[in-house]
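Counting starts at 1 for both ligands and their atoms, following the listed order.
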Amino acid sequence: MKDKRIILGITGSIAAYKAAILERALVKKGAEVQVIITSAGKEFITPLTLSTLSRRPVISEFFARNDGSWNSHVDLGLWADAMLIAPATASTIGKMANGIADNMLVTTYLSCRAQVFVAPAMDMDMYAHPAVQQNLDRLRSFGDIIIEPGTGELASQLTGKGRMEEPDVIIEKLEIFFAKQNELRTKKILVTAGPTFEKIDPVRFIGNYSSGKMGFSLAEECAQRGADVCLVTGPVALQTKHPRIRRIDVETADEMYEAAIAHFPQADAGILCAAVADYRPATVATEKIKKDSEPLPIQLTTNQDIAASLGSLKRKNQVLIGFALETNDGIVHATAKLKKKNFDFIVLNMLDEPGAGFRGDTNKIHIIEQNREITSFPLKNKQAVASDIIDKLIAYLQ
Ligand code: PMT
């Protein structure tokens with residue numbers, strides 16, 4: 001935590017008193033803390049307390065005085081190594097999720113390039129409301145880390161989930177984040193993600209349900225840990241956030257093959273998460289195929305197996321990770337792919353396990369290694385799943 005520059009955002013919740021404890025602990029650990037507090041936050045804790053702890057003036061308004069000086073949210077966003085919003089009320093979470101920049105805190109959030117941590121605090125029914133949960137999901141999709149509230153007695157005297165997580169737990173999460181930041185420094189990682197689309201005619205294609213979420217989470221996780229990432233992705237509706245991710249958009253398996261073959265030699269590791277079409281139409285009609293009363297047979301031809309090609313090119317100091325999405329006999333099929341494609345390990349996700357596989361924000365995985373060791377993980381969000389996979393990759397790279 002030493003010399004880390006942290007923006008601590010404080011909003012209007014009774015848990016604001018915990019923010020002072022949090023701030024003091026961060027400063028004690030050597031961090032530079034800049035507090036930004038909302039008007040409602042100041043009803044719960046005074047700026048004087050907070051500025052005394054951080055030895056820096058607390059920022060609350062866009063304009064500091066009536067003399068033409070103002071607080072630059074852009075400068076603050078660039079200054080920070082991390083932004084922590086604790087406590088985060090339903091109102092601030094809603095503004096962040098929808099880009100409503102009507103105060104200094106949310107404006108700085110929108111300008112912030114560093115990792116953002118959000119520690120919600122509110123009544124249990126508010127927290128459980130779909131509006132709040134959807135907003136939190138949105139923040140997760142932007143790459144923010146949500147520090148789930150604890151369960152216990154609330155300010156309303158009801159008991160439930162909504163208490164801001166304790167300061168020591170929040171600090172531990174930040175410490176883990178910073179400790180992991182350099183783990184992949186100097187490493188180059190190739191990631192494939194998303195589906196491929198194989199053209200039938202100018203308006204139709206053969207595709208699959210991959211959203212790219214799992215592959216993008218892996219790319220993000222590698223970049224957050226210091227790697228330079230080359231992300232080769234099929235057609236998806238996702239955006240990349242991290243400056244260390246270089247994205248190459250492709251459509252077909254052939255294009256993905258060309259990009260992967262070109263970039264794998266420079267990589268320390270390849271993570272092949274894409275759901276690549278095994279077949280493509282043998283011929284692509286140049287005009288739109290017209291409807292007929294007769295059935296329409298489409299002749300398919302085999303696509304190149306990117307994974308098998310990289311597996312045969314793999315050098316001793318490179319690590320290759322494959323994925324397998326199976327509907328039945330998962331371990332058997334995934335183990336066969338592990339061997340056939342020369343992966344170091346393969347990540348199996350089963351379509352019949354609730355919350356696993358395509359499209360959703362969660363996954364449930366089993367890692368199978370060459371020595372037949374199998375590690376099964378509980379259901380987690382895809383960013384946390386990516387973190388488990390990258391932990392394993394790091395062990396291999398060492
Ligand atoms: O994108 P999401 O919606 O988040 O969903 C994630 C996912 C379910 C797509 C992902 O977790 C996953 O399982 N990806 C692999 C899908 C799959 O079943 O792959 P496969 O069994 O067809 O191929 C096995 C391995 O070979 C994979 O690493 C694949 O990328 C690779 N392969 C396959 C065929 C081919 N022509 N070239 C390849 O490189």
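- The pair E175-K4 does not meet the salt-bridge criterion, since no charged nitrogen lies less than 4.0 angstrom from a carboxylate oxygen.
- In this structure, R225 pairs ionically with E183, as a charged nitrogen and a carboxylate oxygen lie closer than 4.0 Å.
- Taking atom 29 (C) of ligand 1 as the reference point, the nearest protein heavy-atom neighbour is A274 O, 3.4 Å.
- For N349, every heavy-atom contact with ligand 1 shorter than 4.0 Å involves the side chain, none the backbone.
- Ionic pairing of D144 and R138 is not present here: no N-O contact between side-chain nitrogen and carboxylate oxygen is shorter than 4.0 angstrom.
- Of the heavy atoms in R359, only backbone atoms (N, CA, C, O) come closer than 4.0 Å to ligand 1.
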Exercise answer: donor-acceptor pairs, residues 348-377 side-chain atoms, under 3.5 Å, sequence neighbours excluded:
unit_1 : atom_1 : unit_2 : atom_2 : d
N349   : OD1    : N363   : ND2    : 3.0
N349   : ND2    : A324   : O      : 2.8
E353   : OE1    : H366   : NE2    : 2.8
D361   : OD1    : K213   : NZ     : 3.0
T362   : OG1    : G355   : O      : 2.7
N363   : OD1    : G357   : N      : 2.9
K364   : NZ     : F377   : O      : 3.2
H366   : ND1    : S376   : OG     : 2.7
E369   : OE1    : Y396   : OH     : 2.6
E369   : OE2    : K392   : NZ     : 2.9
Q370   : OE1    : K339   : NZ     : 3.4
Q370   : NE2    : F343   : O      : 2.7
N371   : OD1    : E373   : N      : 2.9

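- Listed for the Q318 side chain is a donor-acceptor partner under 3.5 Å among the backbone atoms of R315.
- Every atom of ligand 1 is numbered from 1 in the order shown, and the set under 4.0 Å from a heavy atom of G322 is 28 (O).
- Every atom of ligand 1 is numbered from 1 in the order shown, and the set under 4.0 Å from a heavy atom of K213 is 1 (O), 2 (P), 4 (O).
- Listed by number with element, the atoms of ligand 1 under 4.0 angstrom from any heavy atom of C273 are 9 (C), 10 (C), 12 (C), 14 (N), 15 (C).
- By the 4.0 Å N-to-carboxylate-O rule, K314 lies close enough to D344 to be salt-bridged with it.
- Taking all heavy atoms of A193, A253, A307 into account, the minimum distance to atom 38 (C) of ligand 1 is reached by A307.
- Under the 3.5 Å distance criterion, with hydrogens and angles disregarded, a donor-acceptor pair is assigned to the side chains of Q115 and Q224.
- For the residue pair R24/T52, the side-chain donor-acceptor check at 3.5 Å is not satisfied.
- Looking at atom 18 (O) of ligand 1, its nearest protein heavy atom turns out to be L325 N, 3.2 Å.
- For atom 12 (C) of ligand 1, the nearest non-hydrogen atom from the set F323, F216, Y279 belongs to F323.
- Close contacts of ligand 1 with M214, meaning ligand atoms under 4.0 Å from a residue heavy atom, involve 4 (O), 6 (C), 11 (O).
- Protein heavy atom nearest atom 37 (N) of ligand 1, with residue, atom name and distance: I306 N, 3.1 Å.
- Of the protein's non-hydrogen atoms, the one nearest atom 28 (O) of ligand 1 is L272 O, 2.6 Å.
- Of the polar atoms of E326, none of the N or O atoms is found under 3.5 Å from an N or O of ligand 1, judged by distance alone.
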*Audit row: T233, D249, side-chain hydrogen bond (donor to acceptor under 3.5 Å, both in side chains) steps and yes/no*: CA-CA 5 Å; T233 177; D249 286 281; 5.1 Å; no
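- The distance from ligand 1 to the heavy atoms of K382 drops below 4.0 Å at these ligand atoms: 2 (P), 3 (O), 4 (O), 5 (O).
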Donor-acceptor pairs are to be reported for all side-chain atoms of residues 276-295 against protein atoms at under 3.5 Å, with residues two or more places apart or in another chain.
unit_1 : atom_1 : unit_2 : atom_2 : d
R280   : NH1    : T302   : O      : 3.4
R280   : NH1    : N303   : OD1    : 2.8
K290   : NZ     : K288   : O      : 3.3

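- Contact annotation: G212 has at least one heavy atom less than 4.0 Å from an atom of ligand 1.
- For D278, every heavy-atom contact with ligand 1 shorter than 4.0 Å involves the side chain, none the backbone.
- Among all protein heavy atoms, the one lying closest to atom 2 (P) of ligand 1 is S211 OG, 3.3 Å.
- Between T11 and P87, the closest heavy-atom pair is OG1-O, 2.7 Å.
- For atom 20 (P) of ligand 1, the nearest protein heavy atom (residue, atom name, distance) is K337 NZ, 3.8 Å.
- Distances between N or O atoms of A275 and those of ligand 1 include no value under 3.5 Å.
- Salt bridge annotation for K42-E61: present, with a cationic side-chain nitrogen under 4.0 angstrom from a carboxylate oxygen.
- In Q266, the CD atom is crowded: over 12 heavy atoms of neighbouring residues, nucleotides or ligands sit closer than 6.0 Å.
- In terms of protein heavy atoms, atom 36 (N) of ligand 1 is closest to Q304 O, 3.0 Å.
- Among all non-hydrogen protein atoms, the one lying nearest atom 26 (O) of ligand 1 is K341 NZ, 3.0 Å.
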